[in-house]
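The model shown is predicted, which means the values in this text are computed figures rather than measured ones. Numbered from 1 within each chain, the chains take letters A, B, ... in sequence-line order.
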Protein chains: 2
Amino acid sequence: MSKHRPLSEDALQLVAQRFAVLAEPMRLRLIQALFDGEKNVTELVAATGGTQANVSRHLQTLTAAHILGRRKEGLLVFYRISDPTIPKLCELVCGSLEKTLSRQVAQFEAAG
Amino acid sequence: MSKHRPLSEDALQLVAQRFAVLAEPMRLRLIQALFDGEKNVTELVAATGGTQANVSRHLQTLTAAHILGRRKEGLLVFYRISDPTIPKLCELVCGSLEKTLSRQVAQFEAAG
DNA sequence: CAACTATATGCGTATATGCTCATATAAAGT
DNA sequence: ACTTTATATGAGCATATACGCATATAGTTG
């Protein structure tokens with residue numbers, strides 16, 4: 001995006017949509033729960049504290065966005081992180097947030 | 001986020017909020033327009049094709065999120081990208097999308 | 001086939017937020 | 001002081017979407 005020619009309107013829409021998928025705390029919780037390997041829906045319900053219906057919906061959203069992969073095994077459905085850029089993305093955002101926050105703390109202390 | 005202990009609920013909220021700021025095409029257009037240096041509001045209105053009111057609002061959102069910085073010079077207000085992780089973030093997402101899309105194209109062609 | 005378990009989905013509601021129009025503020029020139 | 005230009009903001013409307021409840025589907029076991 002930086003050194004390339006400007007993205008088309010369609011491409012911008014896709015990028016925005018992808019960020020939107022990551023803009024829900026429950027979906028981030030699910031992603032976080034899957035960092036240490038695949039889990040089935042019941043396990044994810046337990047790990048996140050959400051309702052089964054809501055977890056199921058969010059898993060669908062994440063799968064449609066090709067962020068998670070799905071594997072059926074009998075009655076169980078296992079989900080896993082299928083997009084390798086997701087951990088890096090989260091790290092980048094977390095790092096940036098930490099810097100911003102610690103700078104704010106420093107300014108607050110300097111002002112007091 | 002990956003190798004660290006799970007984020008607190010508050011931290012997840014912050015991360016989600018940050019992704020949400022990036023989940024709007026108009027804001028991405030503004031960021032894109034600022035990749036080659038700072039611009040004032042009127043220039044950004046022209047570059048993005050949005051209304052002045054709407055552009056101003058989005059600039060406020062991006063500034064509040066510490067993604068953009070602001071500099072007043074007489075009547076003009078210049079904005080610039082102040083978070084160095086933003087270009088990397090956009091590149092990551094774009095790269096991931098390209099891979100996903102080209103894989104989909106390949107599958108479509110293999111099926112036909 | 002009936003009962004049970006795991007997962008998905010239809011529907012209604014509440015909330016958030018992007019957009020537009022009009023107007024307010026701020027800075028500069030006459 | 002008045003006008004003009006640049007930017008910000010208040011209010012209202014329209015849309016999107018997250019959540020809860022109930023129910024549907026799929027697969028397994030008796």
Distance check needed: D:dT5 C1' versus B:N40 CG, whole Å only.
12 Å

side-chain contact (heavy atoms from CB on, under 4.5 Å) between A:Q52 and A:S56, intermediate numbers included
CA-CA 6 Å; A:Q52 183 269 321; A:S56 187; 3.9 Å; yes

Counting only side-chain N and O atoms of A:R70, is one of them less than 4.0 Å from OP1 or OP2 of C:dA8?
yes

Are any protein N/O atoms closer than 3.5 Å to N/O atoms in nucleotides 24-30 of chain C? If there are, list each pair with its distance.
none

Which whole-number value in Å describes the distance from B:F19 CZ to C:dT17 P?
16 Å

Specify the separation, in whole Å, of atom CD of B:Q52 and atom C1' of C:dG18.
16 Å

What contact category does A:F78 fall into here, base, sugar-phosphate, or nothing, at under 4.0 angstrom with non-hydrogen atoms?
nothing

Atom CG of A:L59 and atom C1' of C:dA8 are separated, to the nearest Å, by 11 Å

By nearest atom, which of the nucleotides C:dA6, D:dA6, D:dA8 is closest to the B:L76 side chain?
D:dA6

Should A:L44 and A:L75 be regarded as members of a common hydrophobic cluster, given that ILVMFWY residues are connected when their side-chain heavy atoms come within less than 4.5 Å of each other, either directly or indirectly?
no

Can you check the A:R71 CZ to C:dA6 P distance for me, whole Å?
16 Å

Taking N or O atoms only and anything under 3.5 Å, show me the protein contacts with nucleotides 19-21 of chain C, one pair per line.
| from | atom 1 | to | atom 2 | distance (Å) |
| --- | --- | --- | --- | --- |
| C:dC19 | OP2 | B:N54 | OD1 | 3.0 |
| C:dC19 | OP2 | B:N54 | ND2 | 2.8 |
| C:dC19 | OP2 | B:H58 | NE2 | 2.4 |
| C:dC19 | O5' | B:N54 | ND2 | 3.3 |

Salt bridge present between A:R29 and B:E9 (N-O < 4.0 angstrom):
yes

d(CD, A:E43; C1', C:dT5) in whole Å
15 Å

Could you tell me whether A:K88 and A:D83 make a salt bridge, using a distance below 4.0 angstrom between a side-chain N and a carboxylate O?
no

Could you state the CG-P distance from A:L44 to C:dA8, rounded to the nearest angstrom?
10 Å

